[in-house]
Amino acid sequence: LEIADEKIIERVLNRLICTHCHAPYHLTFKAPRKAGICDICGNPLHKRPDDISEMLRVRQRAFQRVIKPVLEYYQQSRRLLVINADGPMEKVSAEIVAAVQSLQNQERRADAPTEPHRAPVIVSGIQPPARNKEAKTACHLILVGAPGSGKGTQAEALRDTFQLAHIATGDLFRENLKNQTDLGKLAKSYMDRGELVPDDVTEAMVEDRLAKSPPDSGFILDGFPRTLPQANALTEILSHFERHLDAALYIKVPDAVIENRLSGRRVCRKCQTPYHLLFKQPAQDGVCDLCGGELYQRDDDNPRTIRSRLETFHLQTTPIIKYYQDAGVLFEIDGQGDVAAVTRSSLAVIKTIQDSLR
Ligand code: AMP
């Protein structure tokens, strides 16, 4: 059922669903007889929490990315029927009925495979930015490590030394939360429990962010990917942008050390610089040395959520270590030493990689 994105937005934003029998309604096109009540079973209608403009954009991006191979698959096996889904319901139903009947007639006539009803028009998603020759030396990195392994601190050092864009998914979610966006509110429920935000939402957010970064600049992804599907999605997103990953830096730290680190961590509300009550105190209590912003303890840095985040890491994130090992781009760094020593190791690895790109 093919339909332009703008039409979908118009349809979905005004959609209501019955909380009991799930019958769909629409404020303009199919209003219930009594406002807010299902005509069929009399139960209240509700708006799906993800039927909001911001999430819709995210869902559309995720859809566009995954749908192309599916359409190609059915087209190649000559089983694809494309129906124009724009217009009144009766018209769309009539077109479906006509298409299926014509198929049945063909089968009766020849028992032969059918031609597609019409070639599909595939919405291409984001256009890859033009690739600049200079881009060859730009470094594209990801940082893998348990929460509190020091990814943020290392990312900052690498960003400053190699002029890379620092993209931290946790920061992007927190920024959305601070701005009270729908994406932020959705993410909060997962973050508070120490769980991961669903893959499609996170992937679409990263794709959106990468689309905004200049094609010739390098980047360092901090906290993404965190699951195998995200790692696969990243490979796909990067190939779409004609980029590829140069290195995955795995910062390895034992759980006990992590628990200690996270419970004493404080972060600047304004510039996100991390501090620690014991290991990296600010000059003035509760105030950021760099921007004067207020230091605070993240909601998810409490003992219970820390344990659950570590569990999530071992269950969902460690498989990507093998993924990048198999791809030959994994570099392991001992993250236990003092910050300066870990930074020296990270910089040395990236320096070697950058030299090899020249
Ligand atoms: P961080 O600041 O990287 O520790 O992330 C804080 C929280 O944001 C995580 O516990 C997750 O709930 C969410 N989050 C960050 N990155 C991702 C990701 N790649 N996939 C899913 N959820 C994420």
Side-chain angles (χ1 to χ4, degrees), residues 55 58 61-62 141-156 158-159 166-179 181 183-210 219-238 245 248-251 253 255 257-259 261-269 271-276 295-321 323-324 335:
M55 283 302 301
V58 163
R61 277 206 204 293
L141 313 172
I142 62 165
L143 279 178
V144 187
S149 56
K151 296 191 299 295
T153 310
Q154 294 310 315
E156 276 168 22
L158 295 167
R159 174 197 64 194
H166 175 198
I167 303 170
T169 38
D171 286 349
L172 292 178
F173 284 131
R174 278 184 290 276
E175 203 176 292
N176 272 280
L177 189 57
K178 197 166 110 193
N179 297 330
T181 69
L183 175 64
K185 286 179 211 159
L186 177 102
K188 181 171 167 48
S189 54
Y190 295 93
M191 293 166 82
D192 282 351
R193 292 193 299 264
E195 290 170 15
L196 295 182
V197 179
D199 284 340
D200 54 353
V201 175
T202 311
E203 289 160 15
M205 181 178 75
V206 170
E207 183 169 5
D208 205 28
R209 177 63 187 76
L210 286 176
F219 61 72
I220 179 152
L221 276 173
D222 160 7
F224 183 91
R226 265 171 145 117
T227 64
L228 262 186
Q230 286 183 12
N232 281 312
L234 179 63
T235 306
E236 215 180 281
I237 294 169
L238 290 181
L245 196 69
L249 240 60
Y250 170 37
I251 307 179
V253 181
D255 284 6
V257 177
I258 297 267
E259 287 186 38
R261 281 189 186 176
L262 288 185
S263 48
R265 176 162 76 174
R266 297 294 180 268
V267 184
C268 172
R269 228 181 250 292
C271 71
Q272 317 301 329
T273 302
Y275 292 83
H276 195 278
L295 304 187
Y296 79 110
Q297 180 170 36
R298 278 172 41 173
D299 286 350
D300 54 356
D301 278 350
N302 67 73
R304 209 163 128 221
T305 316
I306 291 172
R307 269 193 298 281
S308 139
R309 287 161 68 200
L310 277 171
E311 220 167 273
T312 305
F313 171 76
H314 290 300
L315 272 174
Q316 291 179 265
T317 307
T318 45
I320 73 170
I321 293 166
Y323 177 91
Y324 288 115

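Indexing begins at 1, ligand by ligand and atom by atom, following the structure's order. Residue numbers count from 1 along this sequence.
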Regarding Arg309 and Asp301, does a basic nitrogen lie under 4.0 Å from an acidic carboxylate oxygen?
yes
Salt bridge present between Asp299 and Lys188 (N-O < 4.0 angstrom)
yes
Identify all pairs of nitrogen or oxygen atoms, one from ligand 1 and one from the protein, separated by less than 3.5 Å, and list them with distances.
unit_1	atom_1	unit_2	atom_2	d
ligand 1	2 (O)	Arg174	NH1	3.0
ligand 1	2 (O)	Arg174	NH2	2.9
ligand 1	2 (O)	Arg298	NH1	3.1
ligand 1	2 (O)	Arg298	NH2	3.3
ligand 1	3 (O)	Arg226	NH1	3.0
ligand 1	3 (O)	Arg226	NH2	3.2
ligand 1	4 (O)	Arg226	NH2	3.4
ligand 1	4 (O)	Arg298	NH2	3.1
ligand 1	4 (O)	Arg309	NH2	3.3
ligand 1	12 (O)	Glu195	O	2.6
ligand 1	16 (N)	Thr169	OG1	2.8
ligand 1	16 (N)	Gly223	O	3.4
ligand 1	16 (N)	Arg226	NH1	2.8
ligand 1	19 (N)	Gly223	O	2.8
ligand 1	19 (N)	Gln230	OE1	3.0
ligand 1	20 (N)	Gln230	NE2	2.9
ligand 1	22 (N)	Val197	N	3.0

Could you tell me if the side chain of [Y] sits less than 4.5 Å from the side chain of [X], heavy atoms only?
X      : Y      : answer
Glu259 : Leu310 : yes
Arg226 : Phe313 : no
Val267 : Leu295 : no

Less than 6.0 angstrom from the centroid, inside 45 degrees of the normal: does Arg298 satisfy that with respect to the ring of Tyr296?
no
